[in-house]
Trainee: 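What follows is a structure written as structure tokens; I'll ask about it next.
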Amino acid sequence: MNIMTFQTNEELNQIAASIVASLVQTKPNAVLGLATGSTPIGLYQELIRLNQKGYVSFKNVKSYNLDEYVGLPADHSETYRTFMNTQLFDHIDIDKNNTYVPNGNAPDLDAECQYYDEMLAAASLDMQLLGIGHNGHIAFNEPDDQLHSGTHVVQLKEETRQANARFFSSIDEVPSQAITMGVGSILKAKMIMLIVRGAEKADIVKRALQGPITTEVPASLLQTHPNVVVLLDKEAAKHLDA
Ligand code: F6R
């Protein structure tokens, strides 16, 4: 694992964006696995800037998002589709027909999961971007005694609903289920970029990156991948051994 620690968020975002931009410059039809949540917002702003200045084009890029809530109305401001459009896709030259987010309102959720897996298998992710939950989840693969390899419907843990309640007017509005890519699909990506910010994630960063590999900390499975780059702010890195 290549672990980099940054003094400022600005530097972290610039390096993260330059890694994504270099990939897309080298391979204009790259397939990107994307994430939502607060973690990637600064990276997305930097990618928008690089795109608008003409340094990188996403015209031929395809993207697949990690997850989506089940049952939120499609026009709800907190669907991950809305998030991706407003935080990134609306501001860059990507063809939105080439951007995929699981459909959390599909009439048959199991069929939707299977369809998503078939697309992922055919596409092959060049890079998967990840954040991490306080409990060590990646995408919505929650800690458990076993993990799913493929896309599946997951019951969100109460701590995850609590953590995400900040985006909703009350905890009751936070969906209790989501569709998520499985860890198998994530680990198949040629490269993985994990970004973590903030002191409240320092303990889980230590457990994920330097603790035992266990399904109780899904992010610890990243230790088995040959090409992971981790970008941390200094707060998130504070418990790591040098
Ligand atoms: C988002 C996702 C989640 C988040 C994680 C951290 O698509 O799959 O795993 O990356 O919950 O969320 P933030 O960035 O809001 O702290």
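Atoms within a ligand are numbered from 1 in the order they appear, just like the ligands themselves. When reading the values below, keep in mind they use all heavy atoms of this one structure, side chains included, and skip hydrogens, waters and symmetry mates.
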Trainee: Looking only at heavy atoms, which two atoms of Ile179 and Gly104 are closest? And how far apart?
Mentor: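 For Ile179 versus Gly104, the nearest heavy atoms are CD1-CA, 4.3 Å.
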Trainee: So, Asn135 versus Glu142: side-chain donor-acceptor pair below 3.5 Å or not?
Mentor: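 Side chains of Asn135 and Glu142: pair found under 3.5 Å.
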Trainee: For a side-chain contact (heavy atoms from CB on, under 4.5 Å) check, start with the C-alpha distance between Phe83 and Glu78, then their side-chain angles and the critical distance, and finish with the verdict.
Mentor: CA-CA 6 Å; Phe83 175 101; Glu78 294 306 326; 5.7 Å; no
Trainee: Applying side chain to side chain donor-acceptor pair (under 3.5 Å), can you list everything that pairs with His239, at least two apart in sequence or on another chain?
Mentor: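 Once residues adjacent in sequence are excluded, the partners of His239 under the side chain to side chain donor-acceptor pair (under 3.5 Å) criterion are Asp203.
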Trainee: Applying a heavy-atom distance cut-off of 4.0 Å, which protein residues contact ligand 1?
Mentor: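 Residues within 4.0 Å of ligand 1: Ala35, Thr36, Gly37, Ser38, Thr39, Leu66, Asp67, Gly131, Ile132, Gly133, His137, Ala139, Arg166, Lys201.
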Trainee: Is Asp233 paired with Arg197 through a side-chain N to carboxylate O contact shorter than 4.0 Å?
Mentor: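 Judged by the 4.0 Å cut-off on N to carboxylate O distance, Arg197 and Asp233 do not form a salt bridge.
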Trainee: Distance only, no hydrogens: is a donor on one side chain within 3.5 Å (strictly under) of an acceptor on the other, for Asn164 and Tyr69?
Mentor: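 Present: a donor and an acceptor within the cut-off.
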